[in-house]
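Working notes for the structure below.
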Amino acid sequence: NSYYSGGIINGNLYLGTTRITAVGFVIAIADLETLNYVPNANYYGTDSFTWHALDKDDLATTTKTATFSVNSINDAPTISVSTPSGFTESTDINNQTLTQSGTVTFNDIDNNVNITYNYNNDISWSGGTLDSAVSAALISGFSTGATNVSSGTTTWNYNVNNIDLNFLAQGETITLSYMVTVTDLSGVTDTETISFIITGTNDAPTVSFENIDDKTPFGKDFVKETAYLFSDKDLTNVFTFEALNLPRGLVIDPNTGVISGRAKESGVFDITLIGRDSGNPSLSISRTFSLLVIAPPQPDTTVVVEPPRIS
């Protein structure tokens, strides 16, 4: 039999699956092939233990030393990136600033590392195709990086100045993301994705106050366009229309804003036009114009005066 005499510092000895901890642990000669040394995590270098053997008459050998050489390997780096909070479009501000920062945390126990990033070519507007200038400005906003640094942290930043986001309707989003990479000096990498979301709000509609006063003869066909007067910075918003104080016989199409019909009463009518957007809650704006309905000509009447009769 062999006996463990101690000495392991940077690992553990196992006989099969049994960890050897006590000095004097008996190892049968037949079991020596199942003796294993397992170094501690991330240790490399030398380690050793001492042992002696006894024969059947309990005669001991001199104490011997078994020495191990543990070669180093390249441990992969790791990375994590703090999650950004979303951006919200500021209502009716043409030149908005988007700014935010966070932390990139990286670790490599045996190497210095480099931190880089790449845009994922995935910018998307839920309302349609994004304007190329807006897209380029938003993509260019992200930055981070570090060169030949040990384990620790660095900062990521997102900064875009003077960006017009008024075209975003309520609840519409722009999303884009970047891949942040840690690379050790042996070329081993780890990556994490950081994503940004910009959410739209409902901007108030506007209306032109150009002079659109009009007139129409009583009982004649009348058509008037009004939708062109209303506009909304939210590009995908849809208007519905209403007109108050129309003369009898005229109506407005709530979808097209066209006033049409034949007026059945004459006079001057101060008509209020209302345009409502499709936001939730809906926002509206109004203006007035004057419509003169010309009365039809009246037939001439001659008054006949008869002389008094004398009887």
Side-chain angles (χ1 to χ4, degrees), residues 8-12 19 37-47 68-90 93 95-126 130 132-165 168 171-201:
I8 290 293
I9 297 174
N10 295 299
N12 292 286
R19 180 170 174 248
Y37 168 77
V38 179
N40 293 335
N42 301 313
Y43 173 75
Y44 63 93
T46 60
D47 204 355
F68 304 94
S69 180
V70 181
N71 296 324
S72 64
I73 62 171
N74 183 30
D75 293 278
T78 60
I79 191 171
S80 63
V81 181
S82 62
T83 302
S85 57
F87 294 109
T88 300
E89 173 211 346
S90 294
I93 295 180
N95 296 305
Q96 185 174 351
T97 296
L98 305 177
T99 184
Q100 198 171 146
S101 62
T103 302
V104 179
T105 303
F106 47 90
N107 182 60
D108 193 321
I109 62 173
D110 54 12
N111 262 313
N112 279 6
V113 297
N114 297 319
I115 306 298
T116 57
Y117 74 92
N118 290 289
Y119 163 59
N120 284 330
N121 197 32
D122 61 352
I123 193 166
S124 176
W125 171 31
S126 63
L130 198 59
S132 59
V134 173
S135 177
L138 293 175
I139 290 169
S140 67
F142 182 76
S143 64
T144 191
T147 302
N148 196 22
V149 292
S150 59
S151 298
T153 62
T154 191
T155 301
W156 63 256
N157 294 285
Y158 190 88
N159 291 291
V160 177
N161 296 317
N162 300 323
I163 188 75
D164 187 349
L165 298 173
L168 290 173
E172 289 182 350
T173 58
I174 298 173
T175 57
L176 70 163
S177 69
Y178 305 83
M179 186 74 74
V180 184
T181 301
V182 56
T183 306
D184 71 14
L185 300 184
S186 297
V188 180
T189 64
D190 189 23
T191 61
E192 185 158 329
T193 298
I194 182 171
S195 299
F196 293 88
I197 301 176
I198 305 167
T199 303
T201 56

Do [X] and [Y] have side chains that approach each other closer than 4.5 Å (heavy atoms only, starting at C-beta)?
X      : Y      : result
Ser135 : Trp125 : no
Val149 : Val113 : yes
Phe68  : Asn10  : no
Tyr158 : Leu138 : yes
Asp47  : Pro39  : no

Testing the basics here: between [X] and [Y], what is the closest heavy-atom pair and its distance to 0.1 Å?
X      : Y      : value
Ser177 : Tyr119 : O-CD1, 3.4 Å
Ser90  : Thr201 : C-OG1, 4.5 Å
Asn157 : Asn159 : CB-ND2, 3.8 Å
Ile8   : Asn12  : CG2-N, 4.0 Å
Glu89  : Gln96  : CA-OE1, 3.6 Å
Asn114 : Asn148 : OD1-N, 2.6 Å

Among Val160, Leu98, Thr175, Thr173, side chain to side chain contact (heavy atoms under 4.5 Å, CB included) partner for Ile198: Leu98
Nearest-0.5 Å distance that lies between atom CG in Asn111 and atom OG in Ser150: 11.5 Å
Derivation and outcome, side chain to side chain contact (heavy atoms under 4.5 Å, CB included), residues Thr154 and Phe106: CA-CA 8 Å; Thr154 191; Phe106 47 90; 4.1 Å; yes
Side chain to side chain contact (heavy atoms under 4.5 Å, CB included) evaluation trace for Thr181 with Ile79: CA-CA 7 Å; Thr181 301; Ile79 191 171; over 6 Å; no
Aromatic plane relationship, Phe196 with Tyr178 - under 30° parallel, 30 to 60° tilted, over 60° perpendicular: perpendicular
Side chain to side chain contact (heavy atoms under 4.5 Å, CB included) evaluation trace for Val182 with Ile115: CA-CA 5 Å; Val182 56; Ile115 306 298; 3.7 Å; yes
Heavy-atom neighbours of Leu185 CG exceed 12 at 6.0 Å: yes
Test side chain to side chain contact (heavy atoms under 4.5 Å, CB included) applied to Tyr43 and Ile9, step by step: CA-CA 11 Å; Tyr43 173 75; Ile9 297 174; over 6 Å; no
